[in-house]
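Working notes for the structure below.
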There are 4 protein chains.
Amino acid sequence: MAPLNEEQLHQIRDERRDQIMGAAIKVFAHRGIAGTKMSMIAAEAGISHGLLYHYFKSKEELLTKLVEEAMAGAEDAISSIYRLPGTPLEKIRAFSMEMLDESGAPYFMLIHQVRTSDGVPEKVKELIAHYNMDRFIEYMLPLFVEGQQAGEILPGDPAELISAYLSVLSALMVLNVQALGGYRMPKVDMLLRMIACL
Amino acid sequence: MAPLNEEQLHQIRDERRDQIMGAAIKVFAHRGIAGTKMSMIAAEAGISHGLLYHYFKSKEELLTKLVEEAMAGAEDAISSIYRLPGTPLEKIRAFSMEMLDESGAPYFMLIHQVRTSDGVPEKVKELIAHYNMDRFIEYMLPLFVEGQQAGEILPGDPAELISAYLSVLSALMVLNVQALGGYRMPKVDMLLRMIACL
Amino acid sequence: MAPLNEEQLHQIRDERRDQIMGAAIKVFAHRGIAGTKMSMIAAEAGISHGLLYHYFKSKEELLTKLVEEAMAGAEDAISSIYRLPGTPLEKIRAFSMEMLDESGAPYFMLIHQVRTSDGVPEKVKELIAHYNMDRFIEYMLPLFVEGQQAGEILPGDPAELISAYLSVLSALMVLNVQALGGYRMPKVDMLLRMIACL
Amino acid sequence: MAPLNEEQLHQIRDERRDQIMGAAIKVFAHRGIAGTKMSMIAAEAGISHGLLYHYFKSKEELLTKLVEEAMAGAEDAISSIYRLPGTPLEKIRAFSMEMLDESGAPYFMLIHQVRTSDGVPEKVKELIAHYNMDRFIEYMLPLFVEGQQAGEILPGDPAELISAYLSVLSALMVLNVQALGGYRMPKVDMLLRMIACL
DNA sequence: GATGAATGAGCATTCATTCAT
DNA sequence: AATGAATGAATGCTCATTCAT
């Protein structure tokens with residue numbers, strides 16, 4: 001009966017969804033939640049605004065899906081650190097470079113926008129609440145302890161070290177999206193001095 | 001009975017303007033440029049929205065004035081560094097603590113909002129363009145050179161050191177406005193490790 | 001293997017049309033003209049909205065066809081009165097019971113919706129204009145006169161009697177579609193008291 | 001401080017509200033709930049649609065207020081029956097004439113629209129549920145019983161008599177708003193034959 | 001100076017309709 | 001014939017701005 005088979009339809013839908021979400025994160029990150037108009041997203045994705053609503057019931061749903069994806073991505077990024085080669089400090093170094101290479105910046109930017117915007121729906125705020133730095137600290141704790149035992153990383157409360165270091169990384173990512181205003185991204189080795197034994 | 005004289009009227013006017021600008025920066029910083037409604041500012045300032053327009057011709061003018069103030073304030077903050085006591089590194093340390101104590105955060109936040117928002121009027125963008133980090137680097141250059149000569153600060157291109165360090169400071173200020181999400185502001189001494197000889 | 005012949009295709013087509021019109025009148029009657037979305041009709045009929053447009057060029061055409069059918073049906077119902085058994089009053093009694101048994105209510109409801117909705121296309125309004133009560137009065141006139149001569153029906157202008165009585169019948173049908181709000185359909189004998197000699 | 005005093009402002013607001021509600025009930029009654037656009041109400045009231053939202057937060061709120069008013073009005077109308085002069089049947093006669101004189105028709109029409117439209121917000125539906133005919137039956141019960149004892153009104157369950165009679169009255173009001181299609185409002189005396197001893 | 005009623009441009013969302021498959 | 005992706009006009013609602021008082 002169906003003129004296009006199930007699979008073709010599914011593929012179209014998936015492609016469109018990705019296309020829209022890609023456009024949306026770009027616009028949200030740059031213009032803020034309230035500053036982003038659905039028509040901008042549609043234009044960026046090259047479709048009509050009507051079609052946008054065929055795929056996402058509302059601006060809120062689109063934002064929610066984006067945040068969910070961002071959080072899953074962040075978790076992925078952090079958890080990948082153990083698969084990197086070398087000593088703990090080398091792993092952290094490689095991880096830091098990956099973070100700062102800007103490809104994930106829109107996601108961090110989006111989360112920052114959500115976090116600092118008061119006009120965001122409660123549901124999205126809740127999602128973000130789970131994206132607590134504590135989860136990431138837990139992930140990295142064994143690595144930092146190992147580094148401290150190896151004499152590579154500064155002594156002291158490792159949770160505090162991690163939190164401070166990740167805060168700086170996150171902050172730089174948020175700030176640097178557009179490399180405007182003369183900000184210059186610090187070299188990774190400079191950042192590592194904050195936590196490494198020299 | 002006698003009507004207020006010229007000067008008194010002027011003073012009331014100035015107070016009102018300050019009151020409004022104080023309210024405005026708070027709201028802008030938290031809700032973003034587009035997310036901030038004139039009525040929110042009026043409510044925050046405790047006046048009618050009609051009165052807002054007696055003091056500022058438009059949202060754009062208010063934003064412009066705010067950005068101008070923010071830029072002047074930033075310049076003040078940076079230039080004050082030479083009036084602080086101690087060695088160059090001690091001056092930088094004191095300056096850093098002042099920056100991070102959050103009192104100036106809304107201004108940095110505002111500037112960040114303006115910088116990363118595409119929907120901001122061109123005129124305001126131009127203002128911001130002047131607020132180039134290069135000016136601040138120039139200000140701090142003698143201090144860093146002095147510190148390097150004293151062996152307190154790492155060798156290497158001082159302009160790059162300053163730029164990187166200020167980027168981190170700015171980034172943390174922007175990120176930290178609400179201290180949400182488990183981010184913990186790093187200790188100043190940890191940040192100083194990025195630039196100091198240990 | 002052999003493709004369906006002309007006639008079979010035609011029959012399928014007719015069945016589909018009936019299926020759609022049946023769904024449409026239900027939805028129109030319950031939700032009003034403007035409140036009825038094409039997608040609702042498609043869902044009620046169990047087909048895609050795309051297919052709807054294979055059978056009816058537009059919402060307006062569908063509504064028009066429905067109104068035409070409703071009017072033909074009403075005429076049938078009225079004209080059938082002479083085929084009923086018994087004295088004039090008995091015929092009227094049987095006819096009244098048939099009307100009120102609710103099966104034809106959606107049609108009356110639809111006509112009422114069209115009549116009282118200002119947003120209906122002019123073409124449909126014109127159709128309705130023909131469905132004037134005067135036609136029905138003409139139909140029933142001989143019957144009422146006969147009843148008056150037999151002393152069963154009140155004396156006086158028979159056209160006025162008919163008009164009033166049919167108005168009450170129509171009104172009750174329109175009102176009663178959903179039997180909500182505690183309205184209770186009056187017994188037919190009670191209604192007949194309006195026109196009958198007791 | 002205030003340029004217009006409290007009272008003047010209040011008066012303006014009240015007038016505007018009445019003006020809007022008057023316009024709204026007219027449009028809702030004629031075009032149905034879904035068929036009524038806020039812009040139509042604004043146009044009917046002779047104001048901008050922006051001002052409409054100054055007075056009523058949403059279409060739903062406006063509809064709710066209208067229904068509340070309609071229900072209060074209906075209760076008033078029914079309860080006023082005891083203040084009419086004459087025997088029970090005479091009271092009922094006077095009451096019926098008042099009902100049918102069309103001034104209250106838009107309210108009945110509105111309630112009918114709400115009752116038969118599926119797209120109406122739940123909150124409004126609940127309001128209507130209270131406007132149950134049972135309440136009105138209770139009101140009129142003593143009057144009908146008195147009429148039966150006086151031999152003016154038919155014997156039998158008075159609640160059923162009332163319910164049936166009020167159903168007919170309501171139905172006629174709903175049907176007759178525009179006196180279209182050749183419907184002719186029956187004379188009150190004809191309607192009274194349904195319940196009166198002759 | 002101060003207020004809030006009033007306006008209208010702009011944005012989120014819905015829905016009739018078209019069309020490629 | 002049948003489906004659902006795609007479009008855009010229309011509608012509810014918000015908000016910057018103006019203005020009478």
Side-chain angles (χ1 to χ4, degrees), chain A residues 1-6 8-10 12-13 15-16 34-42 46-62, chain B residues 3-4 9 12-13 16 34-42 47-62, chain C residues 3-4 9 12-13 16 34-42 47-62, chain D residues 1-6 8-10 12-13 15-16 34-42 46-62:
Chain A
M1 293 298 174
L4 284 180
N5 66 46
E6 195 77 3
Q8 287 173 306
L9 239 36
H10 205 69
I12 290 182
R13 282 193 76 83
E15 272 173 28
R16 276 276 182 269
T36 295
K37 318 298 172 191
M38 291 299 262
S39 59
M40 294 172 184
I41 298 175
I47 60 172
S48 71
H49 66 271
L51 191 55
L52 209 52
Y53 285 89
H54 201 64
Y55 287 92
F56 297 91
K57 234 188 354 261
S58 65
K59 187 174 173 180
E60 177 172 341
E61 182 184 309
L62 177 51
Chain B
L4 297 178
L9 278 173
I12 290 181
R13 212 179 149 78
R16 271 273 190 264
T36 294
K37 319 299 173 193
M38 291 298 264
S39 60
M40 293 173 184
I41 297 174
I47 61 173
S48 73
H49 63 271
L51 190 52
L52 213 51
Y53 284 87
H54 265 276
Y55 288 95
F56 298 92
K57 213 168 46 231
S58 67
K59 187 175 173 178
E60 179 173 337
E61 182 187 308
L62 177 52
Chain C
L4 298 177
L9 277 173
I12 290 181
R13 215 181 147 76
R16 272 273 190 266
T36 295
K37 319 301 173 191
M38 290 299 263
S39 60
M40 293 173 183
I41 297 174
I47 61 173
S48 72
H49 62 272
L51 191 52
L52 213 50
Y53 284 87
H54 264 277
Y55 288 94
F56 297 92
K57 212 167 47 231
S58 66
K59 187 175 174 179
E60 179 172 340
E61 183 186 308
L62 177 51
Chain D
M1 295 293 173
L4 283 179
N5 65 44
E6 196 75 2
Q8 285 172 307
L9 238 37
H10 204 69
I12 290 182
R13 282 194 76 84
E15 271 173 27
R16 276 276 182 268
T36 294
K37 318 300 173 190
M38 290 299 262
S39 59
M40 294 172 184
I41 297 175
I47 61 173
S48 71
H49 67 272
L51 192 55
L52 208 51
Y53 285 91
H54 201 65
Y55 286 93
F56 296 91
K57 234 189 355 262
S58 65
K59 187 174 172 179
E60 177 172 342
E61 182 184 309
L62 177 50

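Note that this is a predicted model, so its numbers are computed, not measured.
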Which nucleotide wins on minimum distance to the side chain of A/K59, given the candidates E/dG1, E/dT13, F/dA6? E/dT13

Could you tell me whether the phosphate oxygens of E/dT14, OP1 or OP2, come under 4.0 Å of any side-chain nitrogen or oxygen in A/Y53? no

Hey, is the side chain of A/H54 poking within less than 4.0 Å of OP1 or OP2 on F/dA6, counting only N and O atoms? no

Can a donor-acceptor pair be found, under 3.5 Å and without considering hydrogens, that links the side chain of C/K37 to the backbone of C/A34? yes

By nearest-nucleotide position on DNA chain E, the 5'-leaning member of C/K57 and A/M38 is A/M38

Between D/L51 and D/H54, does a side-chain contact (heavy atoms from CB on, under 4.5 Å) hold up when you go through it step by step? CA-CA 5 Å; D/L51 192 55; D/H54 201 65; 3.8 Å; yes

Side-chain N or O of A/R13 versus OP1/OP2 of F/dG4: is the shortest distance under 4.0 Å? no

Of C/H49 and D/A34, whose closest DNA chain F nucleotide lies nearer the 5' terminus? C/H49

Tell me which nucleotide among E/dT13, E/dA6, E/dA16 gets nearest to the side chain of D/I12. E/dA6

Whole-Å gap separating C1' (E/dT13) and CG (A/L62): 14 Å

Checking N1-N3 plus N6-O4 or O6-N4 for Watson-Crick, or N1-O2 and O6-N3 for wobble, each under 3.5 Å, the partner of E/dA2 is F/dT21

Applying a 4.0 Å non-hydrogen cut-off, can you work out what D/F56 is touching in the nucleic acid: base, sugar-phosphate, or nothing? nothing

Return the 5'-most residue of the pair A/S58, D/L51 with respect to DNA chain E, ranking by each residue's nearest nucleotide. D/L51

Minimum-distance nucleotide to D/S48 side chain [options: E/dG8, F/dC13, E/dA12]: E/dG8

Kindly compute the distance separating CG (A/L62) from CD1 (A/I41), expressed to the nearest 0.5 Å. 5.0 Å

Assuming nearest nucleotide by heavy-atom distance, tell me which of B/T36 and A/I47 is located more 5' along DNA chain F. A/I47

With side-chain contact (heavy atoms from CB on, under 4.5 Å) as the criterion, how do C/H49 and C/M38 come out once you've worked through the C-alpha distance, each side chain's angles and the decisive distance to 0.1 Å? CA-CA 7 Å; C/H49 62 272; C/M38 290 299 263; 5.6 Å; no

Once you apply the 3.5 Å cut-off to both distances, tell me the Watson-Crick or G-U wobble partner of E/dA12, or none. F/dT11

